[in-house]
Amino acid sequence: MSKDQGRVVVVPCSGIGKPSGSVSREAAYELCESLRPQNTELVALSKLVLGDAATHETVARTPCVAIDGCQQMCASKMVKKSGGTVIHAVAVLDAFRRHRELKAEGIAELNDAGRKLARVMAQEMADTVDAIASAEAAKGESHA
Amino acid sequence: MPEGLEMTAGKFTFRVPEDRLYTAEGIWVLSEVDRPSNRIRVGLTDYLQQHSGDVAFAFVKPSGARLSADETLAEVETIKTLLELPSPVAGTVVEVNPALNLTPEVINQDPYGEGWLATIEPTDWGADRAGLLGPREYLSHMQSQVQEELEKP
């Protein structure tokens, strides 16, 4: 089994100065540092934008979860432009539509609702990461 | 997209079609009263929708609702803020854009077209029309608003 098998790359929005950008990044930190550190790798969108070769290679060979802060969908677009595959895309706006009580405010420091929205999104993505890992494991067994 | 005016501030461009009137709050009013329908169509300006952010929910008073001018016609909640939009005229709501239920983001995608909010049959169009801004007046008002935003610390 390769070291990437069952792992996903997580690419959040890099929107600075907007609460939804902060929610994207908080959700990514929660997922990659707390919930599923063993199955995820956090990639900064800026590295893709700046053309970092190693990051492009990682994105190209690993399934990606994109977290988009707004309808510009920069994270999803940059993954595709970098030759990667978005296996799952989530948007802060859609999460807010499902949890209207969690209105994110603040930029340098998110309010409680914004942090909670990020945790909710991270938990939902963790389920997706688990499903990917299970599918990869099943594929590995069938090849054994 | 109808012909129009526009202004650019940094990476943002705000369009102002010349075929309609405006309120200072950022609602456009397209008159259809010269047609048999005797209605006006209303929506958010490009500046208001860009300034307010991605729309998450849009609730418009239902058809049949009677409104006085400046009474709340719609509430539009974006990722950033909650807008209470006053009716630009007194009258009766005739139709609400059905697309707003499932795809309220159409307000961001096409504010002067598919993203309209409602049609209204005005009670006294002549009187209410006099209080609305022409495209150039609205452009000038919008430029002042943009300037204020830029000067904020």
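A note on names: the letters A, B, ... follow the listed sequences, proteins ahead of strands, and every chain is numbered from 1. Owing to the predicted nature of the structure, the values given are computational and were not obtained by experimental measurement.
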Novice: Which heavy atom of B:T78 sits nearest a heavy atom of A:F96, and at what distance?
Specialist: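 Reported closest heavy-atom pair: O-CE2, 3.9 Å.
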
Novice: Within 45° of the ring axis of B:F57 and under 6.0 Å from its six-membered ring centre, is that where the NZ or CZ of A:R100 lies?
Specialist: yes

Novice: Please step through side chain to side chain contact (heavy atoms under 4.5 Å, CB included) for the pair A:R97 and B:E77, ending with a clear verdict.
Specialist: CA-CA 10 Å; A:R97 282 178 176 153; B:E77 184 160 11; over 6 Å; no

Novice: Verify the cluster assignment for B:V29 and B:V76: are they in a single hydrophobic cluster under the rule of side-chain heavy atoms below 4.5 Å apart?
Specialist: yes

Novice: Surrounding CD of B:E71 (heavy atoms of other residues, nucleotides or ligands, distance under 6.0 Å), is the total greater than 12?
Specialist: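 More than 12 heavy atoms, drawn from other residues, nucleotides or ligands, come within 6.0 Å of this atom.
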
Novice: Same cluster for B:I40 and B:L44 if Ile/Leu/Val/Met/Phe/Trp/Tyr side chains link at under 4.5 Å?
Specialist: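 Yes, B:I40 connects to B:L44 through the hydrophobic network.
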
Novice: State the CG-NZ distance between B:L82 and A:K103, to the nearest 0.5 angstrom.
Specialist: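 Interatomic distance, B:L82 CG to A:K103 NZ, rounded to 0.5 Å: 6.5 Å.
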
Novice: Between A:V49 and A:V65, is there shared hydrophobic-cluster membership here, with clusters defined by ILVMFWY side-chain heavy atoms closer than 4.5 Å?
Specialist: no

Novice: Could you tell me which non-hydrogen atom of B:V55 sits nearest to which non-hydrogen atom of A:L93, and how far apart they are?
Specialist: O-CD2, 3.7 Å

Novice: Hey, quick one: are A:V43 and A:Y29 part of the same hydrophobic cluster, counting side-chain heavy atoms closer than 4.5 Å, chains of contacts allowed?
Specialist: no

Novice: With a 4.5 angstrom heavy-atom cut-off, could you sort out which part of B:E105 is near chain A: side chain, backbone, both or neither?
Specialist: both

Novice: Check for a donor-acceptor pair, side chain of B:D54 on one end and backbone N or O of A:C70 on the other, with a separation under 3.5 Å.
Specialist: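 Answer holds: no.
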
Novice: Check whether B:V106 and B:L83 end up in the same hydrophobic cluster, where Ile, Leu, Val, Met, Phe, Trp and Tyr are linked by side-chain heavy atoms less than 4.5 Å apart.
Specialist: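 Same cluster: B:V106 reaches B:L83 through Ile, Leu, Val, Met, Phe, Trp or Tyr contacts under 4.5 Å.
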
Novice: Check this for me: B:E149, atom CD, are more than 12 non-hydrogen atoms of other residues, nucleotides or ligands nearer than 6.0 Å?
Specialist: yes

Novice: So what's closer than 4.5 Å to chain B heavy atoms on A:V23: side chain, backbone, both or neither?
Specialist: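 No part of it gets close to chain B.
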
Novice: Take B:K80 and A:E105 through the side chain to side chain contact (heavy atoms under 4.5 Å, CB included) test and state the conclusion after the steps.
Specialist: CA-CA 7 Å; B:K80 284 164 64 175; A:E105 290 175 3; over 6 Å; no

